[in-house]
2 protein chains.
Amino acid sequence: MEVFEEISPADFFYRNRDIAGFTNPTRAIYSAIRELVENSLDACDLYRIKPEIYLRISQISSRGEGPEVYRIRIRDNGIGVPPEAIPSAFGQVLYGSKYKLRQTRGTFGLGGKMALLYGQITTHSEAVIISSTGAKKIYEYHLRIDIQNNRPIVLKRAEHENADRWRGTIIEFSMEGDYTRAMPKVLEYLKQTAIVTPYADITFVDPRGRLYRFSGIDSAMPKPPTETLYHPHGVDVETLNRLIKSTRARTLEEFLKRHFQRIGDRTARAFLEYAKFNPKRDPKGLSPEEVVALANAMKGFDFLPPDASCLSPLGEELLEAGIRKELNPEFVSALTRRPSTYSGYPFIVEVGIAYGGGVQASGGITLYRFANKIPLLFDEASDVSWKVVNNLIDWRRYKVSPDMPVAVFVHICSTKIPYKTVGKEFIADRPEVEREILNAVREVARRLSLYLSKKEYAERERRK
Amino acid sequence: MEVFEEISPADFFYRNRDIAGFTNPTRAIYSAIRELVENSLDACDLYRIKPEIYLRISQISSRGEGPEVYRIRIRDNGIGVPPEAIPSAFGQVLYGSKYKLRQTRGTFGLGGKMALLYGQITTHSEAVIISSTGAKKIYEYHLRIDIQNNRPIVLKRAEHENADRWRGTIIEFSMEGDYTRAMPKVLEYLKQTAIVTPYADITFVDPRGRLYRFSGIDSAMPKPPTETLYHPHGVDVETLNRLIKSTRARTLEEFLKRHFQRIGDRTARAFLEYAKFNPKRDPKGLSPEEVVALANAMKGFDFLPPDASCLSPLGEELLEAGIRKELNPEFVSALTRRPSTYSGYPFIVEVGIAYGGGVQASGGITLYRFANKIPLLFDEASDVSWKVVNNLIDWRRYKVSPDMPVAVFVHICSTKIPYKTVGKEFIADRPEVEREILNAVREVARRLSLYLSKKEYAERERRK
Ligand SMILES: Nc1ncnc2c1ncn2[C@@H]1O[C@H](COP(=O)(O)OP(=O)(O)OP(=O)(O)O)[C@@H](O)[C@H]1O
Ligand SMILES: Nc1ncnc2c1ncn2[C@@H]1O[C@H](COP(=O)(O)OP(=O)(O)OP(=O)(O)O)[C@@H](O)[C@H]1O
Ligand SMILES: [Mg+2]
Ligand SMILES: [Mg+2]
């Protein structure tokens, strides 16, 4: 006979932590660092704070055999975490502030907890969270995660006076890991982060005491992404039911205008006429069949496309500057495409191409991938950008041969990135996204081929 | 200011359903079918029941535009679900009977629910579950999932007399989908299932009324996999703490023998001496630091390797017969490797190679992948088997050129398959697993090259 049990989400991700990117001590160090850095960058970016992040990894014991144990400490000058939210933000899986329709690095309510959870199961030590939102107090929590019940255990709580009105968050915990093996990827992650967030000031001290400084440039902060409303094309019966349940709108017309983006009086009435609903009906009075009919009609009606002004792209200037600073290429060109949509979510594709100079020839195109300003460093062969760059573009048409030093950068920003994995390693090949990347890469490839033609012509002229 | 919220695991997998393999109407049909078939096969295999599965998909409406709506009905003769467990088994995410250390197709407590959830959010209709464990009653439940609270809503419950002592489960629900696009993959999935479960009798009726019958051969059922104990090398502090908390053992020596596999008196004492613990101590009396020390010592000590007798491999005979039946090749050879382990989990790699006959030349090696008797049909380029077959083996050494019709089959069975995704699409390249697959494929490649040499020699002899 089968024996049935339920497990908590913390237990699920504990048992399946490789699905969240915590496969082994080497990968765990990388994943812990990226999850913490992404949290700190979100805490700054979203509030137009120029990020100052200090990350230190120190080796605290060598057991001789088996993986090393490290102490990880990260400090940021972000918005801070309100004291009542701290225990759950860091001790409850599937809890966070990024479950909105907003372009953020965070999306699952899981990443920071996975780092602390991995630390806890390998070292049995507690996590220390110190944070202030800039008010009179600084709050200090010592936490453990009760994995089986998915809730934080507060081991200690303290309040300190905040004389300087410091605002930010400090996280400190221990974990097993293999920094030596992880190092190349960790440094690459920080370097690529500096390309797409050049205004961020990141200081990193590694277990050997080496200091790496990624100085933030003194440019204006990009405008932060904003929360947006649903677009009717992204709505299913479940979402519609939830909106109906919580709405204060008394009529269908009001309901549409209030809960969906870019629906005014005219569009609302035109749609309801198309869907054959009386605009004055109470949304809460719809029968289940009517809700299904409404959801289907929403998918079929020709609404204005999603408003992408809620997004915060890099911009061509910033992307080119970041590529120049990182690779010092002979030629670089960046392109920000016009907004597009998939399944009702707005997204923007931005690409850059670099040739020569510091770009290494690698027997093919070197691909740099970013999503919502996060560098993606693993599983590139499964990513939609890889498919475009390696299978869908004929580079010879652009005078590019495999032995030439060419790098392609792809950034996608959206209110919902179609990650295929919980570890945010690669992006699904949604047709609309694939098409956008293809058209964008074709355009910058064309610009490179123009440059190469001019260069070839100039070369021949010189030899005459 | 950030606004914090928690979401339920059902809500998490609803929002991120593409992570679970429910990306679009085409893929959703495939995923729903595979999740249901795998549940039915588990319900039979685990109890040495020769599976008889009836799967029917009927089209229930054409909305003209947008995806079709189908009614899906599956019936098996498996062990059935006890009535008190039915609502949660089909209406609560992260609930199931496969959270044990046992080789099963199911592992996450999620798959069946994802199919029903997808049906619910696209059609707003209820799921019907009818099941009996062979006792006097048959139980019928009409369910919905309360996604935000992750709990089943029982809309209707009925009991019927079970005069024939029928035992099994029937699931019926509606979902949006694109069967036409999904069909090739669905049929391929059923065909490959027939290769590795040839004793299963599967009847499938598609929306056009076409009937596909995969007749089960009349062979003995393989011995079912059994539940096993933890191996000390697979234990971390969290698991150890849970075992200590729930143990009835009064001494450390007793604790080890009771909760871990292959530890007898001598091993227990030798280990405790190595780890410097008094064998008579009460495990519940250990301090947190001592638990950490014990966990680390367990990882370092040279215990007997995990007992793989709990596993249920295909066997070379069955695998060869399945390949023959499916591909009718000119040459076929199968190999079941000796058990191996990764992170304390036992696993067995089995491979097959087929050449000529019905095997199509495809410009490379055609790769068939299986894990715990599940066919894996997506993302092959990310899979460890793909890496081995395409990057780590020099086929020319075995007289195989890319234009030849060669197929390689890889099956891995284990108490824990290292899937990289919740959708069970591909397997991580754990070094121990990669090494086993590499050695296995080399062996069958060697056998093929022998055959090809003999054939070449015979050819030349004939021409003389
Ligand atoms: N350094 C920080 N400063 C401010 N808030 C933070 C910080 N780190 C975490 N948080 C808060 O804690 C929440 C949970 O973080 P966590 O990393 O677990 O999930 P997430 O970032 O929301 O999503 P993801 O799993 O995709 O990372 C965040 O949503 C954020 O509100
Ligand atoms: N056809 C069936 N016959 C008997 N029991 C079933 C059947 N389908 C589901 N179950 C029971 O319901 C539980 C939940 O199934 P579900 O598919 O959601 O998760 P799982 O199979 O345990 O794991 P996975 O998510 O990997 O499929 C199973 O563990 C099993 O006990
Ligand atoms: Mg995060
Ligand atoms: Mg299942």
Side-chain angles (χ1 to χ4, degrees), chain A residues 1-9 11-12 14-16 18-19 23 46 63 65-66 79 81-82 85 88-89 92 94-100 108-109 120-124 133 147-148 236-239 241-242 288-289 291-292 295-296 299-300 379 381-382 418-423 428 430, chain B residues 1-9 11-12 14-16 18-19 23 46 63 65-66 79 81-82 85 88-89 92 94-100 108-109 120-124 133 147-148 236-239 241-242 288-289 291-292 295-296 299-300 379 381-382 418-423 428 430:
Chain A
M1 273 303 123
E2 295 292 283
V3 174
F4 291 83
E5 54 181 313
E6 72 180 39
I7 63 172
S8 78
D11 206 350
F12 177 83
Y14 158 63
R15 292 165 187 250
N16 301 297
D18 28 6
I19 279 182
T23 327
L46 290 172
R63 294 194 196 128
E65 44 173 85
I79 197 71
V81 189
S88 287
Q92 182 180 336
L94 303 189
Y95 181 95
S97 63
K98 298 167 198 168
Y99 289 127
K100 316 261 169 253
F108 298 131
Q120 177 177 314
I121 63 174
T122 53
T123 67
H124 200 67
T133 52
I147 297 175
Q148 282 186 295
D236 55 40
V237 173
E238 171 71 18
T239 307
N241 274 322
R242 289 186 200 184
E289 293 73 22
V291 175
V292 179
N296 288 325
K299 291 225 185 73
D379 295 318
S382 312
Y419 292 115
K420 280 208 68 169
T421 60
V422 176
R430 292 291 177 115
Chain B
M1 273 304 123
E2 295 292 282
V3 174
F4 290 83
E5 54 181 315
E6 71 179 40
I7 64 172
S8 77
D11 208 347
F12 178 83
Y14 158 63
R15 294 165 185 248
N16 299 297
D18 29 7
I19 279 183
T23 329
L46 290 172
R63 295 194 195 127
E65 42 172 88
I79 197 70
V81 189
S88 289
Q92 182 179 336
L94 303 190
Y95 180 95
S97 63
K98 297 168 200 169
Y99 288 128
K100 317 261 168 249
F108 298 131
Q120 178 176 315
I121 65 175
T122 54
T123 67
H124 200 65
T133 52
I147 297 177
Q148 283 185 294
D236 56 40
V237 172
E238 170 72 16
T239 306
N241 274 323
R242 290 186 198 184
E289 293 73 22
V291 176
V292 178
N296 288 326
K299 292 226 186 73
D379 294 316
S382 313
Y419 291 115
K420 280 206 68 171
T421 61
V422 174
R430 293 292 179 115

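What you see is a predicted model, and the numbers here were worked out from it, not measured in a lab. Throughout, protein chains are lettered first and strands after them, A, B, ... in sequence-line order, and every chain is numbered starting at 1.
- For Ala428(A), no part lies near chain B; criterion is any non-hydrogen pair under 4.5 Å.
- In terms of non-hydrogen atom pairs under 4.5 Å with chain A, the most contact-rich of Ala381(B), Ser8(B), Ala85(B) is Ala85(B).
- Proximity to chain A involves both the backbone and the side chain of Arg15(B), based on heavy atoms less than 4.5 angstrom apart.
- At a 4.5 Å heavy-atom cutoff, Glu289(B) makes no contact with chain A through either its backbone or its side chain.
- For the options Lys100(A), Glu6(A), Gln120(A), Glu5(A), heavy-atom pairs under 4.5 Å to chain B are most numerous at Glu5(A).
- Note that CG of Asp18(B) is 5.0 Å distant from CZ of Arg430(A), once rounded to the nearest 0.5 Å.
- Residue contact with chain A, scored on non-hydrogen atoms closer than 4.5 Å, involves the backbone and the side chain of Phe108(B) alike.
- Checked for salt-bridge contact, Lys98(A) and Glu2(B) miss the test: no charged N lies under 4.0 Å from a carboxylate O.
- Residue with the most contacts toward chain A among Gly96(B), Ser382(B), Pro288(B), Pro9(B): Gly96(B) (heavy-atom pairs, distance under 4.5 Å).
- A distance of 7.0 Å separates CG in Asp11(A) from CD in Glu238(B), rounded to the nearest 0.5 Å.
- Both the backbone and the side chain of Thr23(A) come within contact range of chain B, with heavy atoms under 4.5 Å apart.
- For Tyr99(A), the parts sitting under 4.5 Å from any heavy atom of chain B are the backbone and the side chain alike.
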Residues Val81(B), Phe4(A); criterion side-chain contact (heavy atoms from CB on, under 4.5 Å); working and verdict: CA-CA 10 Å; Val81(B) 189; Phe4(A) 291 83; 3.9 Å; yes
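- Using a 4.5 Å cut-off between heavy atoms, Ala89(A) touches chain B through its side chain atoms alone.
- Of the atoms belonging to Gln92(B), it is side-chain heavy atoms, and not backbone ones, that fall under 4.5 Å from chain A.
- In this view, Asn241(B) and His124(A), Val237(B), Val291(B) satisfy the side chain to side chain contact (heavy atoms under 4.5 Å, CB included) rule, not counting sequence neighbours.
- Contact count against chain B (heavy-atom pairs under 4.5 Å) is highest for Asn16(A) among Asn16(A), Leu46(A), Ile79(A), Val422(A).
- Closest approach of Thr421(A) to Thr421(B), counting heavy atoms only: CG2-CG2, 3.8 Å.
- Summarising the geometry of Ile121(A) relative to Asp236(B), their closest heavy-atom pair is O-CB, 3.7 Å, with the distance given to 0.1 Å.
- When all heavy atoms are compared, the tightest approach of Lys420(A) to Asp379(B) is NZ-OD2, 3.1 Å.
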